[in-house]
Amino acid sequence: MSAFYVTTPIYYANAEPHAGHAYSTIIADALARYHRLKGDDVFFLTGVDEHGAKIHEAATDAGISPQAYCDRIAPTFTKLWERLNISYDIFMRTTSNMHKRGAEKFLAALYNSGDVYKGTYEGYYCRPCERFVPEKELTDEKICPDHKLPLEWLEEENYFFRLSKYQDRLLAHIQETPEFIYPESRRNELLRVLEGGLEDVSISRASVSWGIPLPFDPDHIVYVWIEALTNYMTALDYENESDRYHTFWPADVHMMAKEITRFHALIWPAMLMAVNLPLPKQIVAHGWLTKDGEALSKTRGIFIDMDTDIETYGLDAFRYYLLREFSFGNDGDYRPARLHARYNADLANDLGNLLNRVLGLVNKNFEGVPTPTIPGEFDDEIKAMAQATIDQLDAHIKTFAFDAALETIWEFVRRINRYVQQTQVWTLAKPETKPRMGTILYNSLEALRIISVLISPFIPDTAEKIQNQIGLTEFDTATAWGGLSVGIEVSRGEPIFPRIDTKKQKQPQPKPEAKPKKKAEKKTTHLVAFADFQKLDLRVAKILAAEPIEGADRLLKLQVDLGTEKRQLVAGIAEHYTPEELVGKQVIVVANLEPATIRNVESQGMVLAGSGDTVVLATLEKEMPLGTQVR
RNA sequence: GCCGGUGUAGCUCAGUGGUAGAGCACACGACUCAUAAUCGUGCUGUCCGGAGUUCGACUCUCCGCACCGGCACCA
């Protein structure tokens, strides 16, 4: 028996969970269950990351303390995991004492490694962001890229981790351990990042209050990302280095969505190298979900309605669909219509119906599970296929190919349907052929039992239902052929996946999603004196000409007419507007902004636009004379 | 603009230097134990476009197009 430790990320607790969290967690759950089935000693971690400025901010917006806010959010995750039948062993909360003490221990060790140094962070700071704006994001105006507010020059004492020192070792490790980062596309991406060079990272924040103080300097709070990563160890009682820790560290799989691989595959391993601890074996990234071809978006109201689909098709259909239809590592397009198709074709027709027809025949002709006495055509083939399926499954899980894994199982399901068909069992009820009939039905039941075992990591409730109907009282995980006892009483219950007709399902569809979610928008952060506002000179202008800027995907060069004068502006709207459609439009322009040079093009002002998931130009309700002041 | 990935039947995707595959959908047939289920047969493809290497390319090389990522860019 070997140990297997799988983790999901600890999800940031500034908002309630969504389908993306569900996807990561279901994948990890399937892995955990698969390894338990193989007899491994499994530890499965998930949880929430509860510290940091953003949570503080969300709590402030909600008018409660950060802790109270976290206490409100955390249960929304655990409730969802219950609903999704997630078999986690621990739900980590970073506000727990176990984590805090473990994190402190880790940070102390990191400090003692000598790779933490105190430096002065000088730079332009954005108060609303609570962060320094990196050099490369800076422009001549010194304005925050997110808030568009002036930055202040700040010098802050900060602790740094000597990440740069580990560049070569990281590079070597990734090169020598091809499976360390999976899939390969992510690995290549990170190799390129490494080749480009690493800079030391700041690991503390003096300006943030909601977090864990550095053990070696309580005036500073650990940067939330650094602290969060340690949870993978603190959850194992790293603090006391108890048995659990020794059994399960290093982790076998850190599962996550593709956008956070850098922290996991570069910074986290480097931190572990610094304190001389073994590295996790695999950093695994899955793709994102889209909905009917569109990126999920809170502001645009595009989301996956898990509740409705689970209610309509059942939890296992939802799990099955996510695991079966999406090829791991790529983005997957979630389409309720496909879920529906999968439900009927794979679950109702192939599997559900097979169980039902076999049980019907057994019920009608035998008392309980019949005895296999007369071997015949196809029997050996079926048995061999059972074993082959088991072997192939193993290979697929190793590469996280859940789609192929389920397809492999379903080939076997279809084979059994064919077996029943080919042997024409239902015609064998005559006395002289009845023993053969019993044998075929035994084989079919045994195949179904093995199928139930194989699907149990993916759709556990269904696996249990099948075994219940076969008559097993306790879930039997044996995969060797012949494990099914003769004579036990089968109970043909209701179809486990009743077909759902296209017609009556999905009626007019109430479309509760028609309107975008009510603004998740954060409150505006800082108050500005009216006098400050008056400093801005906003004017009505008309776009005379627009053209792309060479080498920049997002930029357009605009010529605008302010009435009294013409100006050239650069606007980052090329992804949302074509030059043609801009010409002639009235827009609002900040006329007294310092000129800036962007991509070698001079910009004498700025065009206002709503900027969220999409970008929409600000304009006046009716046209007004060019140069009119806006206030 | 740079780097990487993808582009194969209506849909989701496999695939190999030697005459194109699966599942779903569709059509027809068989069967009637079963959930309008099952089983069989069949159907559709300029394997993104162009050029090249080769006796032969969907598979290799180059150029291009589209989409998706990463980086740069967003005043």
Side-chain angles (χ1 to χ4, degrees), chain A residues 136-146 148 150 183-193 195-196 258-259 261-262 287-288 290 295 324-327 329-333 335 337-338 341-342 344-365 401 403-404 407 410-411 414 416-429 437 441 444 492 494-501 548-556 569-576 589-590 593-599 601-609 611 615:
Chain A
K136 58 183 178 183
E137 291 180 29
L138 274 183
T139 51
D140 297 343
E141 285 71 33
K142 315 299 186 219
I143 287 178
C144 170
D146 293 332
K148 314 290 180 202
E184 210 182 337
S185 50
R186 295 292 138 198
R187 178 171 180 263
N188 291 338
E189 211 170 283
L190 294 178
L191 279 171
R192 265 176 277 127
V193 170
E195 284 155 8
K258 64 188 184 185
E259 79 279 7
T261 47
R262 277 180 204 213
W288 286 339
T290 56
R324 170 65 186 88
E325 184 110 337
F326 301 149
S327 72
N330 299 123
D331 289 356
D333 190 25
R335 291 161 59 183
R338 294 291 309 165
R342 283 286 174 198
N344 275 341
D346 297 1
L347 299 176
N349 294 353
D350 287 346
L351 181 59
N353 182 56
L354 173 64
L355 177 69
N356 201 241
R357 72 194 296 209
V358 170
L359 288 176
L361 286 163
V362 171
N363 261 332
K364 198 179 293 179
N365 300 288
D403 55 339
E407 172 59 18
W410 252 255
E411 276 166 23
R414 285 184 220 112
I416 303 306
N417 261 322
R418 193 144 59 91
Y419 177 59
V420 172
Q421 197 75 21
Q422 287 172 315
T423 54
Q424 303 264 301
V425 235
W426 59 91
T427 65
L428 303 179
M437 182 188 209
L441 290 177
S444 302
R492 181 194 192 184
E494 290 299 301
I496 53 175
F497 293 110
R499 265 188 75 91
I500 295 175
D501 271 322
I549 291 175
E550 178 121 5
D553 288 352
R554 298 167 127 152
L555 304 182
L556 290 179
L569 312 181
V570 173
I573 55 175
E575 290 172 313
H576 304 93
V589 165
V590 183
L593 203 58
E594 292 181 337
T597 302
I598 299 143
R599 285 263 146 183
V601 178
E602 188 174 21
S603 181
Q604 304 158 320
M606 129 178 211
V607 175
L608 296 185
S611 77
V615 166

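Below, all heavy atoms of this structure are taken into account, side chains as well, without hydrogens, waters or symmetry copies. Proteins come first, then strands; the chains are lettered A, B, ... in the order of their sequence lines, and each starts at number 1.
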Which nucleotide, if any, forms a Watson-Crick or G-U wobble pair with [N], using both distances under 3.5 Å?
N	value
C28(B)	G40(B)
A72(B)	none
U12(B)	A22(B)
A66(B)	U6(B)

Polar side chain donor-acceptor pair, N417(A) to R357(A), under 3.5 angstrom: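 The criterion, which ignores hydrogens and geometry beyond distance, is satisfied for R357(A) and N417(A).
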
What nucleic acid atoms does [X] come within less than 4.0 Å of, heavy atoms only: base, sugar-phosphate, or nothing?
X	result
D350(A)	sugar-phosphate
G605(A)	sugar-phosphate
V607(A)	nothing
R418(A)	sugar-phosphate
R186(A)	sugar-phosphate

Roughly how far apart, to the nearest Å, are [N] and [M] at atom [atom1]?
N	M	atom1	result
C65(B)	G29(B)	C1'	45 Å
C26(B)	C63(B)	P	44 Å
G18(B)	C13(B)	P	25 Å
U61(B)	U53(B)	C1'	7 Å
G23(B)	G5(B)	P	31 Å
C3(B)	A72(B)	C1'	11 Å
U59(B)	C47(B)	P	9 Å
C2(B)	C58(B)	P	29 Å

Tell me whether E494(A) at atom CD has more than 12 heavy atoms from other residues, nucleotides or ligands lying less than 6.0 Å away.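 12 or below, so no.
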
Give a yes or no answer on whether the side chain of N356(A) reaches the backbone of G352(A) with a donor-acceptor pair at less than 3.5 Å.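 The answer is no, because no donor-acceptor pair under 3.5 Å joins these two groups.
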
Do any N or O atoms from the side chain of N344(A) and from the backbone of I500(A) form a donor-acceptor pair under 3.5 angstrom?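 Checked: pair present.
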
Sort me out a list of protein N/O and nucleotides 31-35 of chain B N/O pairs below 3.5 Å, or just none if empty.
{"residue": "C33(B)", "atom": "O2", "partner": "R357(A)", "partner atom": "NE", "Å": "3.2"}
{"residue": "C33(B)", "atom": "N3", "partner": "R357(A)", "partner atom": "NE", "Å": "3.4"}
{"residue": "C33(B)", "atom": "N3", "partner": "R357(A)", "partner atom": "NH2", "Å": "2.5"}
{"residue": "C33(B)", "atom": "N4", "partner": "R357(A)", "partner atom": "NH2", "Å": "3.0"}
{"residue": "A34(B)", "atom": "O3'", "partner": "N356(A)", "partner atom": "OD1", "Å": "3.1"}
{"residue": "A34(B)", "atom": "O2'", "partner": "N353(A)", "partner atom": "OD1", "Å": "2.3"}
{"residue": "A34(B)", "atom": "N1", "partner": "R357(A)", "partner atom": "NH2", "Å": "3.2"}
{"residue": "A34(B)", "atom": "N3", "partner": "N353(A)", "partner atom": "ND2", "Å": "3.3"}
{"residue": "A34(B)", "atom": "N3", "partner": "R357(A)", "partner atom": "NE", "Å": "3.0"}
{"residue": "U35(B)", "atom": "O2", "partner": "F497(A)", "partner atom": "O", "Å": "3.2"}
{"residue": "U35(B)", "atom": "O2", "partner": "R499(A)", "partner atom": "N", "Å": "2.8"}
{"residue": "U35(B)", "atom": "N3", "partner": "F497(A)", "partner atom": "O", "Å": "2.8"}
{"residue": "U35(B)", "atom": "O4", "partner": "G352(A)", "partner atom": "O", "Å": "2.9"}
{"residue": "U35(B)", "atom": "O4", "partner": "N353(A)", "partner atom": "N", "Å": "3.3"}

Below the 4.0 Å mark, does C24(B) have OP1 or OP2 next to a side-chain nitrogen or oxygen of R335(A)?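 For R335(A), the contact criterion (side-chain N or O under 4.0 Å from OP1 or OP2 of C24(B)) is not met.
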
If you assign each of D403(A) and E189(A) to its closest nucleotide in RNA chain B, which residue comes earlier from the 5' end?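 Its nearest nucleotide being more 5', the pick is D403(A).
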
Between R418(A) and E411(A), does at least one N-O distance fall below 4.0 Å, as a salt bridge requires?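 E411(A) and R418(A): not salt-bridged.
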
Below 4.0 angstrom, N of the basic side chain to O of the carboxylate: do E189(A) and R186(A) qualify?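 Yes, E189(A) and R186(A) are salt-bridged.
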
